[in-house]
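These values consider heavy atoms only, across backbone and side chains, with no hydrogens, waters or symmetry-generated copies.
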Amino acid sequence: MSNTNPNRKPSNAGRYLFMLILGLVLGVIATVMAMRALEQRKDPFPDALMHVQQWHMGQLKADMEQNRCAATDVLPHLQALRTTANDLDAAFPELADDQRFQAASAAMRAATDKAVSNPPLSCEGIGATMKSLGDACKACHQDFKG
């Protein structure tokens, strides 16, 4: 005698498991697609501007650490920081009417103007310039970076 019952129907558990896994996979795919669509709506300019400024500050720090402190070494980075400082207001149009933001962006432009018009000629001068620029950045980030 065999243990199989000819009247017994096969279990649907395999089908349910397959449908559950299929639903999870489709849900993950739909979520990724939705997140990418939302991400594409976001303006990359503000983040890109901050990354470029951070990179130039990093290059100034590297020059100082490598004792490459001649004006010819640091001036291109200071000029790039000044150029990007012009774009701060355009990068954050939602803050255009905020007096604190206007003051902070003006302070950044003033600090970079000073650094470009009178470039540091020593590593100590680069350190002081970087502190001035960093203070201008910090003032804005304290108020607006979430």
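Within 6.0 Å of CG in Asp97 there are 12 or fewer heavy atoms belonging to other residues, nucleotides or ligands. Within 6.0 Å of atom CD in Glu39, 12 or fewer heavy atoms from other residues, nucleotides or ligands are found, so the atom counts as exposed in its surroundings.
Nearest heavy-atom pair, Ala71 versus Pro76, reported as atom, atom and distance to 0.1 Å: O-CD, 4.4 Å. Nearest heavy-atom pair across Gly125 and Pro120 is C-CB, 3.3 Å. Scanning all heavy atoms of the two residues, the minimum distance from Gly134 to Met57 falls at N-CE, 4.1 Å. Among all heavy-atom pairs drawn from Gln53 and Ala85, the shortest one is NE2-N, 3.7 Å. Minimum interatomic distance between Pro93 and Ala90 (heavy atoms only, all atoms of both residues): CD-O, 3.4 Å. Ala91 and Pro46 get closest at one heavy-atom pair: O-CG, 3.1 Å.
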Chi angles and distances behind the side chain to side chain contact (heavy atoms under 4.5 Å, CB included) call for Met50, Leu88: CA-CA 9 Å; Met50 293 296 105; Leu88 288 171; 3.5 Å; yes

From CA spacing to verdict: side chain to side chain contact (heavy atoms under 4.5 Å, CB included), Ile126, His77: CA-CA 11 Å; Ile126 292 174; His77 300 296; over 6 Å; no

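Taken from CD1 in Ile29 to CG in Leu24, the straight-line distance is 11.0 Å, to the nearest 0.5 Å. Distance NE2/His51 to CD/Gln54: 7.0 Å, rounded to 0.5 Å. For the atom pair Met130 CE and Cys137 SG, the distance stands at 10.0 Å (nearest 0.5 Å). Interatomic distance, CG of Leu60 versus NE2 of His56, reported as 9.0 Å (0.5 Å rounding). Remark: Asp135 CG to Cys140 SG distance equals 13.0 Å, nearest 0.5 Å. With rounding to the nearest 0.5 Å, the separation of CZ in Arg100 from OG in Ser105 is 12.5 Å.
Hydrophobic cluster membership for Met19: Phe18, Leu22, Leu26 (Ile, Leu, Val, Met, Phe, Trp, Tyr linked by side-chain heavy atoms under 4.5 Å, directly or transitively).
Qualifying side chain to side chain contact (heavy atoms under 4.5 Å, CB included) partners for Asp113, counting only residues two or more places apart in sequence or in other chains: Arg82. Asn118 is linked by a side chain to side chain donor-acceptor pair (under 3.5 Å) to nothing, counting only residues two or more places apart in sequence or in another chain. Every residue two or more places apart in sequence or in another chain that forms a disulfide bond (SG atoms under 2.5 Å apart) with Cys69 is listed here: Cys123. Qualifying ring-ring contact (aromatic ring centres under 6.0 Å, His included) partners for Phe101, counting only residues two or more places apart in sequence or in other chains: Phe92, Phe144. Contacts of Asp73 classified as side chain to side chain contact (heavy atoms under 4.5 Å, CB included), with partners at least two apart in sequence or in another chain: Asp63, Arg68, Ala70.
Taking hydrophobic clusters as Ile, Leu, Val, Met, Phe, Trp and Tyr residues chained together by side-chain heavy-atom distances below 4.5 Å, Leu133 does not share a cluster with Val52.
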